Amino acid sequence: METDRKDGRTPNQLRPLKCSRNILHRAHGSASWSQGETKVLAAVYGPKAGTKKNEDPEKACIEVIWKPKTGQIGKAEKECEMIMKKTIQSICLLTINPNTTTSVIVQVVNDDGALLPCAINAACAALVDAGIPLKHLAVAICCCVAEEGSVVLDPTKLEEQQMRGFAYLVFPNSALSALPEGSYLVNGEPLEHGIITSVTHGVMSVDEYLKCVDRGRAACAKLSGFLRNSLQKSQFPSDTSSKAA
Amino acid sequence: MGLLDSSGDLSAEMEVDAFRRLFPLRYYERHLAESIRPDGRPLGRARDTTVALGAVSSADGSALAKIGSTVGGISLSSIEFHMPPICSPIVRPGRPAEAAVVVSKQLSDTILSSGMIDLKELALVSGKAAWMAYLDIYCLDADGALFDAALLSAVAAFSHCKHLSPFLIVPTSYTLLLSLIHVSARYSLAVQIPVVSVNDKGKIVAFTEEGDGRKLEKEAVNKEKIKLTLGSIPFSLTCALHKKYILADPTSEEESIMETLVTVVMDSSDRLVSFYKPGGPALAYTSLVTDCVALTRHRMKELEKILDEAFSGMEVD
């Protein structure tokens, strides 16, 4: 059952992806990530000395500042900051630089659906650009559930509002290893199948949610490949764009 | 009162309380290996929950929910979750705690997307006036699983009812968006909305009955005390994840040690309203997702029973 999408994509097709590194010269690391019309700019400063007040001084502290495109900072922005902070904390190696703070500043340039996943991808690329030690990368995707129960990936803002429900999912990126297959299994499932973060809106059945998770995983495998390729290109400002099938 | 340990580390010479403070993770892991938690609960069991309705008499609907020692009180008259300094040593007056803002937003998202309240019911005169229901939730004691207690108290307050008095009113020609016949879940007695009418200047005023045969100039816009009927009710369960253990309904100590929390919200028609996992070191695999959902279903049945008992207690009055 194919849903007709306004821009002519199939339900499994992502929008054109664009990732640039090292765009801001004062920041220790920066990246911009765009999926179709949604564009987010992320900058990383750190590690700086000292941690914030209630934080554990034996670990590095991550601070996220979310700047919306227009308007004042309200509850939605604070929630996004909290989700991003916890997601980034789970991929960073926090014990390497104890008693330091790393700030991640996210600036929304344009919001056309799937904003939080775009921001997480941008933040991840910026962290790599800054050289912060990470366990693995995080790739994020938005899956929505249409009225009749089919799953559609990477919606635009209009599609997000029309769908019955959507889920933002973040997975670890797929690992390339020299070791034979089977060495990264946890409980019989490879590491990249675990969900780092999941935020859902709207109602869906449990089966529909699990279907979203499956499709999300498959799409994230492709996103990981794209991320790896674009980060491996030269250090100088590079513009790489690709259309994921 | 030392702990016996064959590897002969510090725990052998230390008191239990000191060990709990200095090595909290190992203290918990020792318990988890025996499938039990320091307060004696098995891993999948939530704390004792009570709901008291009508806690605030001046409000149209109110409820007090208590999960373990997390207490949330609420009065209904926009959805705001307040964490005053009384609830926790880390909250200071002035800046709202980060947790308060996030729980606020999560609550409004959940209540609106679960379809428990049909916003069209709050409309008064189509296109001109509508009721605004303000939901304020105050956390009185924060001991973990704040969202669960807040959602439970919100649901209980929406379902709280007061005595209805009958009114005989001349039907008007206004088109009413409110429909009074609803198929609702068991909590059909609900918040009472007062009767109002529109005066000549177009403002909404409280309706007063003119007794002496004079023709009523102002006619009531809503015919009876309107009942806000509820759709399917959402119930939630927060679980802490640590390695391969799932701890249902964590206390604040457990929450701070095991940093990964998952909140699953399901409604009474067995649909998933929200699966909320904001990051955290532990990853959620498919088996974990299904386990958390099963625990939430189980908890939903417990909560439905508790709410039922609270209501039947109310109706006796």
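Every chain is numbered from 1, with letters handed out A, B, ... down the list of sequences. For clarity, every value in this text was computed on a predicted model and none was experimentally measured.
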For this session: Carefully, step by step, assess A:H201 and B:V273 under the rule side chain to side chain contact (heavy atoms under 4.5 Å, CB included).
Result: CA-CA 7 Å; A:H201 283 261; B:V273 177; over 6 Å; no
Seminar exercise, completed: Under 4.5 Å to a heavy atom of chain A? For B:T290 that would be side chain
Problem set entry | Residue selection (most heavy-atom pairs with chain B, distance under 4.5 Å) from A:T87, A:D207, A:V203 | A:V203
Problem set entry | Exceeds 12 heavy-atom contacts within 6.0 angstrom, atom NZ of A:K67 | no
Exercise. About how many Å separate CD of A:E79 and OG of B:S104, when rounded to the nearest 0.5 Å?
Worked result: 10.0 Å
For this session: With a 4.5 angstrom heavy-atom cut-off, could you sort out which part of A:L210 is near chain B: side chain, backbone, both or neither?
Result: side chain
Seminar exercise, completed: Of the listed A:V170, A:I196, A:V213, the one with the largest count of heavy-atom pairs under 4.5 Å with chain B is A:I196
Exercise. When rounded to the nearest 0.5 angstrom, what distance separates CG in A:D56 from CD in B:E259?
Worked result: 8.5 Å
Problem set entry | B:V293 versus chain A, the contacting section by heavy-atom distance below 4.5 Å | side chain
For this session: Assess whether atom NZ of A:K48 is packed by more than 12 heavy atoms of other residues, nucleotides or ligands within 6.0 Å.
Result: yes
Exercise. Heavy atoms, side chains only, cut-off 4.5 Å: are A:T200 and B:K277 in contact?
Worked result: no
Seminar exercise, completed: Rounded to the nearest 0.5 Å, the CD atom of B:Q106 sits from the CD1 atom of A:I83 at a distance of 8.0 Å
For this session: Taking all heavy atoms of A:S90 and all of B:G280, pick out the closest pair and write down the distance.
Result: CB-O, 3.1 Å
Exercise. Just wondering, are more than 12 heavy atoms of other shown residues or ligands nearer than 6.0 Å to NE2 in B:H31?
Worked result: yes
Seminar exercise, completed: Cut-off 4.5 Å, heavy atoms of chain A, and the answer for B:V289 is side chain
Exercise. Where the side chain of A:S198 meets the backbone of B:F275, is there a donor-acceptor pair that is under 3.5 Å apart?
Worked result: yes
For this session: Check whether A:V199 gets within reach of chain B through its side chain, its backbone, both or neither, counting any heavy atom under 4.5 Å.
Result: both
Exercise. Can you name the one residue among A:M82, A:E81, A:K78 that meets side-chain contact (heavy atoms from CB on, under 4.5 Å) with B:V101?
Worked result: A:K78
Exercise. Roughly how far apart are A:Q89 CD and B:T260 OG1, rounded to 0.5 Å?
Worked result: 10.5 Å
Exercise. If you count the non-hydrogen atoms of other residues, nucleotides and ligands that lie under 6.0 Å from CD in A:Q161, is the total more than 12?
Worked result: yes
Problem set entry | Approximate separation, where rounding is to 0.5 Å, of A:S205 OG and B:M266 CE | 9.0 Å
Exercise. In terms of heavy-atom proximity below 4.5 Å to chain B, should A:A76 be classed as side chain, backbone, both, or neither?
Worked result: both
Exercise. How long is the span from the CD1 atom in A:I195 to the CG atom in B:L283, to the nearest 0.5 Å?
Worked result: 9.0 Å
